[in-house]
Amino acid sequence: MDELREKTMKAFIICLLFLSTSFAFAHEPKQNSAQVYLRDGQVEVRLFVNRDEWVSRLSNAQSWLLGDSDIVLTQEDIQSSDLNNKLLSLLEKNIILKLNKQRLQLKAVHHTHDTSSHHRVEFRLSAAHSSSDPKAVTLSFPRSIGAVFVSVVKPQYGTIKAGEEYTLYL
């Protein structure tokens, strides 16, 4: 009887852990994050930032004096409709991206405001590369953004013929 109770308790705990994990991932992450996509001849960086927190740090003169930010935003900058473009330009100049130890020059692509959350903005930047076999990515963001959770995606391509099986080796 004790063995049955122990197994039931373990199953119950596993179900609780599964449910709590599901709820945790169902919500929008609060931290800044970046997705780096390595494609043939191109690297794309999609950076998701809590704009309000970032702007707060950028408008703090003390942060600038201590070297934690590259610029100081004025109240006029913050209220400007061009704020996201200014932030995108700052990213373009200050993100360091290296592929196999070779520095790449990122170019601003665009930015979008997340309609479900007025705080998060997605910035997209892109760079061309000539590496036929990328092995290492080195990345640095401006200190003023804060910590950034990063994931790197290197797509693998193949064609599955009709009715055949295809194995993709990772």
Side-chain angles (χ1 to χ4, degrees), residues 16-131 133-156:
L16 278 176
L17 287 173
F18 176 73
L19 286 173
S20 64
T21 305
S22 297
F23 286 121
F25 287 109
H27 298 289
E28 174 183 300
K30 290 186 176 23
Q31 72 186 74
N32 299 320
S33 63
Q35 298 169 343
V36 180
Y37 294 92
L38 297 173
R39 296 186 178 95
D40 295 337
Q42 180 193 10
V43 178
E44 181 182 27
V45 177
R46 295 176 65 192
L47 178 63
F48 300 88
V49 177
N50 182 320
R51 191 184 75 166
D52 292 350
E53 288 181 9
W54 189 24
V55 166
S56 174
R57 284 191 286 275
L58 288 173
S59 62
N60 183 333
Q62 187 176 2
S63 292
W64 178 76
L65 287 170
L66 293 173
D68 291 338
S69 66
D70 299 310
I71 62 170
V72 178
L73 294 177
T74 65
Q75 197 61 33
E76 184 179 304
D77 291 328
I78 294 169
Q79 295 172 348
S80 168
S81 60
D82 202 38
L83 176 61
N84 285 345
N85 288 328
K86 187 170 190 142
L87 295 174
L88 185 59
S89 177
L90 176 72
L91 291 171
E92 185 179 44
K93 293 173 188 166
N94 292 292
I95 291 178
I96 296 173
L97 174 66
K98 296 178 185 176
L99 191 61
N100 296 341
K101 297 184 180 182
Q102 178 185 3
R103 184 157 183 185
L104 303 177
Q105 185 58 50
L106 284 167
K107 297 290 180 203
V109 176
H110 80 286
H111 58 81
T112 55
H113 218 78
D114 185 356
T115 55
S116 65
S117 167
H118 298 289
H119 308 290
R120 289 183 58 82
V121 177
E122 175 189 5
F123 296 97
R124 286 190 185 193
L125 301 103
S126 177
H129 72 83
S130 58
S131 178
D133 189 25
K135 296 286 186 195
V137 175
T138 304
L139 193 59
S140 174
F141 295 102
R143 180 183 290 260
S144 58
I145 291 176
V148 179
F149 177 80
V150 178
S151 66
V152 178
V153 178
K154 184 179 173 186
Q156 295 190 20

Test item: [X] and [Y] side chains (from C-beta on) under 4.5 Å apart, heavy atoms:
X: His111; Y: Asn85; result: yes
X: Lys107; Y: Ser126; result: no
X: Leu106; Y: Leu91; result: no
X: Tyr37; Y: Gln42; result: no
X: Val72; Y: Leu65; result: no
X: Leu38; Y: Leu99; result: yes

Minimal non-hydrogen separation, [X] against [Y], with atom names:
X: Arg57; Y: Gly146; value: NH2-N, 3.9 Å
X: Asn100; Y: Ser131; value: ND2-OG, 3.0 Å
X: Gln105; Y: Ala127; value: O-CB, 3.5 Å
X: Ile78; Y: Ser59; value: CD1-CB, 3.7 Å

Pair Ile96-Arg103, side-chain contact (heavy atoms from CB on, under 4.5 Å): steps then yes or no: CA-CA 7 Å; Ile96 296 173; Arg103 184 157 183 185; 3.5 Å; yes
Arg124 side-chain N/O to Val109 backbone N/O, donor-acceptor pair under 3.5 Å: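 No.
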His129 side chain to Lys98 backbone, donor-acceptor under 3.5 Å: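 Not confirmed, His129 side chain does not pair with Lys98 backbone.
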Set of residues satisfying side-chain contact (heavy atoms from CB on, under 4.5 Å) with respect to Ile71, sequence neighbours excluded: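 Here the qualifying residues are Leu58, Leu73, Lys86, Leu90.
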NZ/NE/NH1/NH2 to OD/OE distance under 4.0 Å, Glu44 and Arg46: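 Salt bridge absent between Glu44 and Arg46.
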Heavy atoms from other residues, nucleotides or ligands near NZ of Lys93 exceed 12 (cutoff 6.0 Å):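 No, NZ of Lys93 has 12 or fewer neighbouring heavy atoms, counting only those of other groups under 6.0 Å.
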Within 6.0 angstrom of Gln62 CD, more than 12 heavy atoms from elsewhere: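 No, not enclosed.
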Salt bridge (Lys or Arg N to Asp or Glu O under 4.0 Å) contacts touching residues 59-76 (sequence neighbours left out):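 Every salt bridge (Lys or Arg N to Asp or Glu O under 4.0 Å) pair that includes a residue of residues 59-76, provided the two are not neighbours, is Asp68-Arg143.
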Roughly how far, to the nearest 0.5 Å, is the [atom2] atom of [Y] from the [atom1] atom of [X]?
X: Leu88; Y: Glu122; atom1: CG; atom2: CD; answer: 11.0 Å
X: Lys135; Y: Lys101; atom1: NZ; atom2: NZ; answer: 14.0 Å
X: Leu125; Y: Glu92; atom1: CG; atom2: CD; answer: 6.5 Å
X: Ser144; Y: Asn60; atom1: OG; atom2: CG; answer: 11.0 Å

Single hit among Ile95, Asn94, Asn32, Val49 for side chain to side chain contact (heavy atoms under 4.5 Å, CB included) with Phe141: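 Result for side chain to side chain contact (heavy atoms under 4.5 Å, CB included) with Phe141: Ile95.
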Polar side chain donor-acceptor pair, Asp77 to Thr74, under 3.5 angstrom: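 Yes, because at least one side-chain N or O of Asp77 sits under 3.5 Å from a partner of the opposite role on Thr74.
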